[in-house]
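Structure first, then comments.
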Amino acid sequence: MARALAEARAANREAEVPVGAVVVSGGSVVGRGHNLREALGDPTSHAEILAIREAARKRASWRLDDCTLYVTLEPCVMCAGAIVQARVKRLVFGCPDPKGGAVRSLYQVCDDPRLNHRVAVTEGVLGERCAGLLKQFFAGLRGSDAGGGSG
């Protein structure tokens, strides 16, 4: 999770929502990513999607069935779907996302028995640090908006 937090800090430096992810197989990082929606102008450029894409490229396979994905924030519906589609074995996330989380908060995509794959989930790993980074980012945004008016 420390490596996912490093990715989240990289996103923060790039003025992106600070979410980071890493894919690990056999103790080695095979994919990493952080949010790049603003930089790429791409709504699918979430940390998890970018990390999964890199892992699949490096392994020359879309099946990540022996991999663990570490991500700082509970995945959204799109990312949870990608995790299931990639057959990720295990997901570890830091803090919940009560407004958009699709693993525990709003939906339970990763262990829905109607789907053809279920993912083992561990939540709350370094959760306070992950949440703190997000809170700091959004507080900074609110601070930069204060007093600006709408023109």
Side-chain angles (χ1 to χ4, degrees), residues 1-25 27-58 64 67-112 115 117-151:
M1 187 59 80
R3 289 183 177 162
L5 271 165
E7 287 292 326
R9 286 190 288 276
N12 195 34
R13 287 190 299 275
E14 297 172 32
E16 298 275 358
V17 175
V19 178
V22 294
V23 177
V24 176
S25 175
S28 298
V29 173
V30 294
R32 68 183 74 234
H34 56 270
N35 278 0
L36 288 174
R37 289 190 318 172
E38 300 298 329
L40 298 178
D42 178 357
T44 68
S45 291
H46 287 203
E48 302 95 319
I49 299 295
L50 298 174
I52 288 169
R53 285 178 183 162
E54 182 177 335
R57 250 189 331 268
K58 281 185 179 176
L64 303 179
C67 294
T68 298
L69 172 66
Y70 294 86
V71 62
T72 56
L73 179 66
E74 178 183 4
C76 69
V77 173
M78 174 183 68
C79 293
I83 291 163
V84 170
Q85 289 298 316
R87 310 297 196 267
V88 170
K89 181 177 183 176
R90 181 171 174 235
L91 166 67
V92 179
F93 71 87
C95 61
D97 183 356
K99 293 182 179 180
V103 176
R104 292 286 185 258
S105 296
L106 299 178
Y107 306 100
Q108 294 75 43
V109 172
C110 290
D111 57 9
D112 189 321
L115 299 175
H117 177 72
R118 275 165 286 303
V119 180
V121 176
T122 302
E123 57 188 295
V125 175
L126 299 180
E128 288 183 21
R129 288 174 59 188
C130 296
L133 191 57
L134 287 160
K135 287 176 187 172
Q136 186 177 38
F137 175 82
F138 286 112
L141 283 183
R142 285 189 296 277
S144 67
D145 290 340
S150 60

Nearest 0.5 Å, what's the [atom1]-[atom2] distance between [X] and [Y]?
{"X": "E128", "Y": "C95", "atom1": "CD", "atom2": "SG", "answer": "10.5 Å"}
{"X": "L106", "Y": "D97", "atom1": "CG", "atom2": "CG", "answer": "7.5 Å"}
{"X": "T72", "Y": "R3", "atom1": "OG1", "atom2": "CZ", "answer": "15.5 Å"}
{"X": "L40", "Y": "N35", "atom1": "CG", "atom2": "CG", "answer": "10.5 Å"}
{"X": "E48", "Y": "F93", "atom1": "CD", "atom2": "CZ", "answer": "11.0 Å"}
{"X": "L133", "Y": "F138", "atom1": "CG", "atom2": "CZ", "answer": "10.0 Å"}

Heavy atoms, side chains only, cut-off 4.5 Å: are [X] and [Y] in contact?
{"X": "R32", "Y": "Y70", "answer": "no"}
{"X": "H46", "Y": "V19", "answer": "no"}
{"X": "V125", "Y": "M1", "answer": "yes"}
{"X": "C110", "Y": "L91", "answer": "yes"}
{"X": "L5", "Y": "C130", "answer": "yes"}
{"X": "L134", "Y": "P18", "answer": "yes"}

| message | Walk me through whether R9 and H34 qualify under side-chain contact (heavy atoms from CB on, under 4.5 Å). | response | CA-CA 9 Å; R9 286 190 288 276; H34 56 270; over 6 Å; no
Considering all heavy atoms, the nearest [X]-[Y] contact:
{"X": "P75", "Y": "A80", "result": "CB-N, 4.0 Å"}
{"X": "E7", "Y": "G20", "result": "CB-CA, 3.7 Å"}
{"X": "G33", "Y": "A47", "result": "O-CB, 3.6 Å"}
{"X": "A21", "Y": "L69", "result": "CB-CD1, 4.0 Å"}
{"X": "E14", "Y": "L36", "result": "OE1-CD2, 3.2 Å"}
{"X": "D112", "Y": "R118", "result": "O-NH1, 3.4 Å"}

| request: Check the pair V121 / R104 against side-chain contact (heavy atoms from CB on, under 4.5 Å), numbers first and verdict last. | output: CA-CA 9 Å; V121 176; R104 292 286 185 258; 3.4 Å; yes
| Is there a donor-acceptor pair under 3.5 Å between the side chain of E74 and the backbone N or O of S105? |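 Looks like yes, one N/O pair under 3.5 Å.
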| said: Tell me whether E16 is salt-bridged to R37, with the criterion being a basic N under 4.0 Å from an acidic carboxylate O. | reply: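 Answer for the salt bridge query: no.
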Return yes when atom [atom1] of [X] has more than 12 non-hydrogen atoms of other residues, nucleotides or ligands closer than 6.0 Å, and no otherwise.
{"X": "K58", "atom1": "NZ", "result": "yes"}
{"X": "Q136", "atom1": "CD", "result": "no"}
{"X": "F137", "atom1": "CZ", "result": "yes"}

| query | Knowing that exactly one of I52, V109, I49, V71 qualifies, which makes a side-chain contact (heavy atoms from CB on, under 4.5 Å) with I83? | reply |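 The residue from I52, V109, I49, V71 that satisfies side-chain contact (heavy atoms from CB on, under 4.5 Å) with I83 turns out to be I52.
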| request: Would you sort out whether V119 and K89 count as a side-chain contact (heavy atoms from CB on, under 4.5 Å), showing the intermediate values? | output: CA-CA 5 Å; V119 180; K89 181 177 183 176; over 6 Å; no
| request: Might you work through the side-chain contact (heavy atoms from CB on, under 4.5 Å) test for V88 and T68, ending with a clear yes or no? | output: CA-CA 6 Å; V88 170; T68 298; 6.0 Å; no
